[in-house]
Amino acid sequence: MVVNYDQVMKLALERGFYFPSCEIYPDAPAGFWEYGPTGVNMKNKFVELWRRELVRRDGMMEIDGSQIMSRSVFVASGHIGNFTDPIVKCTKCGSTFRADRYILEKTNENVPERMADNEINGLIEKHNLRCPNCKGEFGSVSRFNMMFRVGIGPAAEEAYLRPETCQAIFVDFARIFKTMRGRLPLGVAQVGKSFRNEIAPRQSLLRLREFYQAEIEVFCNPNRLDEMSKFDEVKNTILRISSQDGGSITETTAHEAISKGLIPNKLVAYYLALLTLFYAKTGVDVKRSRFRKLSDEEKAFYASVAFDFEVETSIGWLELVACNYRSDYDLKGHGITSKQNLEVFDPTDQKKVLPHVFELSMGIDRSIYTILEHCYYEDEKHDDRVVLRLKPYLAPILVGILPLMTKDGLGQKARKIHSDLKFEYDTFYDESGSIGRRYRRLEEVGAPFAVTIDPETMQDDTVTVRHRDTMLQERVKATELRQYIQDALAAARN
RNA sequence: GCGACGGUCGUCCAGUUUGGUCUAGGACAUCAGAUUGCCAAUCUGGUAACCCGGGUUCAAAUCCCGGCCGUCGCACCA
């Protein structure tokens, strides 16, 4: 069975996982999607799992920063300078091109990032470059910045929607470190929205203009990247590391990856291992994942070493997490621009150090899509029933509560059981249609358990618990149902 | 952003070629009632759509123009 993007998309739309933003209006812009009731529930649980497996496990600190930030932040971060691409537009057909790339391709002449627009115009003129589509003349170079600019207050002070959540962490670092009595290495985490004015947003949750990130910035002493006692906890975790072109994948323990030189140090290996363990718990098939080391051309402007955590899906390899060693790029930039000293004291060295940063920048929306696709299952043995085999702790509905019929007090009894459980768990009560149909509906939204109230319940106060994947049922005392669910959930987690 | 193709109930599709019984049809899904009572059962009834704006015409889902959205390709993608 091959699951494809369209099947996942259809399920997502039909079952309220996500859908286009502003869809009742004809001018709804592309690149904006909303999470519906099932989707937001699953997303919340995904974030909670992330907290559990990464933030709490590692003793990180979580913050929630502003989405709109001042111009200075992005001058310091380099986004004002580097996030702008020089573009040229054909005056005849309107096609636009990256000026620097086009010149390099046609003339082999390198255009440095900082080259002024009029110099680039000069190059186009010198080589008499024309539009490849229609041979039309190019207009003069302009700049495209991927950041959304906003105006604050009546004077419309220049500011920007953050293009990545992490700048808040860098800007707040000094205060967090001081007030929370931080010690290196220190992980600071944040979940929130970022905004990028993508030229061509596509494929629903996979390339959005407004999207969720879960970011972790680990501040560390660059001289102590191999001094990590907690590395031993994960040293035998299997990492799948691929070559730059993604061709061959090496499976090796975190420990061996370092000795083979695939990963530069223990700190990086430790977090790549945590990330692998986390994704295994999301239900993503980690056997279809890889850490791909990026070439210099592919890396972001701030990264010195970068691994992308990528997962194989029906539409190809998809980048879910960017793991960037940002060195002191950010704190140095903010230190200079703000004129603040962002060094911290490292008691081991008895001296001040400007921390380096290793980052795990996770795309939540893409992860949600991947989980849906990897958990989507058509059961050929049972009429091709569609089962979303979500982990119980990610399922939008944990327990469906279904009276076999409503008469003879079964409906009443079932509603009673429902109200006993609904405060603690995500439950769904359903008495309409045949029992089989109701089971199938629950399977499609990934509910792992269905509790059925039948005539026997009225005799001995037992109910059946039906398991989504196996379709097997077992009888449980109604009074022990809550405990049963709690145990099942705990068993799934560990 | 450019180019090609496309856009009809929640979903999938018929209808567009050749404008007119289209007052837009079906299947699945959904809702109500009946019947049944453990795996998408049956019967009856209902809800529900021509992407938006303009034009041509006696008449537009159908033709023309513009916009928006989608798929693919190019380009782009911290």
Side-chain angles (χ1 to χ4, degrees), chain A residues 5-7 9-16 19-32 74 77-79 82-83 85 87-90 92-99 101-102 105 131-134 136 142 144-147 162-167 194-204 206-209 211 213 215 294 298-303 306 308 315 318-319 322 324 326 359 361 363 366 379 381-386 402-408 410 432-444 450 452-456 464 466 468 471-473:
Chain A
Y5 172 81
D6 292 332
Q7 287 171 290
M9 197 63 213
K10 187 180 173 203
L11 181 72
L13 285 171
E14 284 183 344
R15 296 298 177 190
F19 41 85
S21 181
C22 311
E23 63 177 338
I24 63 169
Y25 285 101
D27 63 346
F32 298 90
F74 301 111
S77 72
H79 286 91
N82 292 308
F83 233 47
D85 297 325
I87 52 171
V88 282
K89 189 167 180 174
C90 170
K92 203 169 142 198
C93 73
S95 301
T96 45
F97 301 88
R98 271 281 292 270
R101 304 252 168 141
Y102 192 68
E105 183 192 323
C131 173
N133 297 341
C134 72
S142 59
F144 178 74
N145 192 311
M146 297 254 307
M147 286 195 292
R162 60 187 181 189
E164 52 180 8
T165 59
C166 59
Q167 292 307 322
S194 291
F195 305 83
R196 288 179 201 170
N197 200 358
E198 292 285 351
I199 296 173
R202 244 167 232 194
Q203 285 163 326
S204 64
L206 304 185
R207 204 189 302 165
L208 294 162
R209 287 185 165 133
F211 58 101
Q213 291 186 303
E215 291 200 297
L294 300 190
E298 285 182 291
K299 280 186 313 196
F301 59 87
Y302 47 67
D308 274 355
I315 49 173
L318 190 62
E319 176 196 340
N324 296 309
R326 301 176 73 124
E359 144 184 281
S361 175
R366 290 175 170 196
D379 186 352
K381 287 189 184 134
H382 298 97
D383 313 318
D384 293 333
R385 68 181 181 131
V386 172
L402 319 171
L404 191 60
M405 56 219 196
T406 48
K407 63 185 181 190
D408 300 335
L410 294 191
S432 82
S434 74
I435 192 72
R437 177 181 295 268
R438 282 178 275 162
Y439 287 146
R440 297 290 161 92
R441 269 197 291 246
L442 286 169
E443 288 162 354
E444 276 198 14
T452 309
I453 288 80
D454 57 19
E456 212 178 316
T464 65
R466 175 186 183 271
R468 176 193 65 200
M471 296 172 71
L472 296 176
Q473 286 180 300

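Order of the sequence lines fixes the chain letters, A, B, ..., with proteins taken first and strands second; residue numbering starts at 1 for each chain. Predicted model, so just to flag it, every value in this text is computed and none were measured.
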For nucleotides 9-13 of chain B, tabulate all protein N/O to nucleotide N/O atom pairs closer than 3.5 Å, reporting atom names and distance.
{"residue": "B:U11", "atom": "O4'", "partner": "A:Glu14", "partner atom": "OE2", "Å": "3.1"}
{"residue": "B:U11", "atom": "O2'", "partner": "A:Lys10", "partner atom": "NZ", "Å": "3.3"}

Where do N or O atoms of nucleotides 41-45 of chain B meet protein N or O atoms at under 3.5 Å, pair by pair?
{"residue": "B:A41", "atom": "OP1", "partner": "A:Arg437", "partner atom": "NH2", "Å": "3.2"}
{"residue": "B:A41", "atom": "OP2", "partner": "A:Ser434", "partner atom": "OG", "Å": "3.1"}

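For a distance-only test at 3.5 Å, the side chain of A:Tyr25 fails to qualify as a donor-acceptor partner of the base of B:C68. Remark: the A:Arg207 side chain and the B:G70 base include no donor-acceptor N/O pair separated by less than 3.5 Å. At a cut-off of 3.5 angstrom, the base of B:C38 holds at least one donor-acceptor pair with the side chain of A:Asp454. The base of B:C69 does not come close enough to the side chain of A:Glu23 for any donor and acceptor atom to sit less than 3.5 Å apart. A donor and an acceptor atom never sit less than 3.5 Å apart when one is taken from the side chain of A:Arg385 and the other from the base of B:C39.
Regarding contacts with the backbone of B:C72, a side-chain N or O of A:Gln203 is found under 4.0 angstrom from either OP1 or OP2.
Judged by Watson-Crick or G-U wobble contacts below 3.5 Å, the nucleotide B:G3 has B:C72 as its partner. Across the strands present, B:U44 finds its partner in B:A32; the criterion is a Watson-Crick or G-U wobble pair with both atom distances under 3.5 angstrom.
Listed nucleotides B:C38, B:G70, B:C31 differ in distance to A:Arg441; the shortest reach to its side chain belongs to B:C31.
Spacing of C1' atoms, B:C68 relative to B:G45, comes out at 38 Å, to the nearest Å.
Annotation: side-chain hydrogen bond (donor to acceptor under 3.5 Å, both in side chains) contacts of A:Gln213 (sequence neighbours excluded): A:Ser194, A:Ser361.
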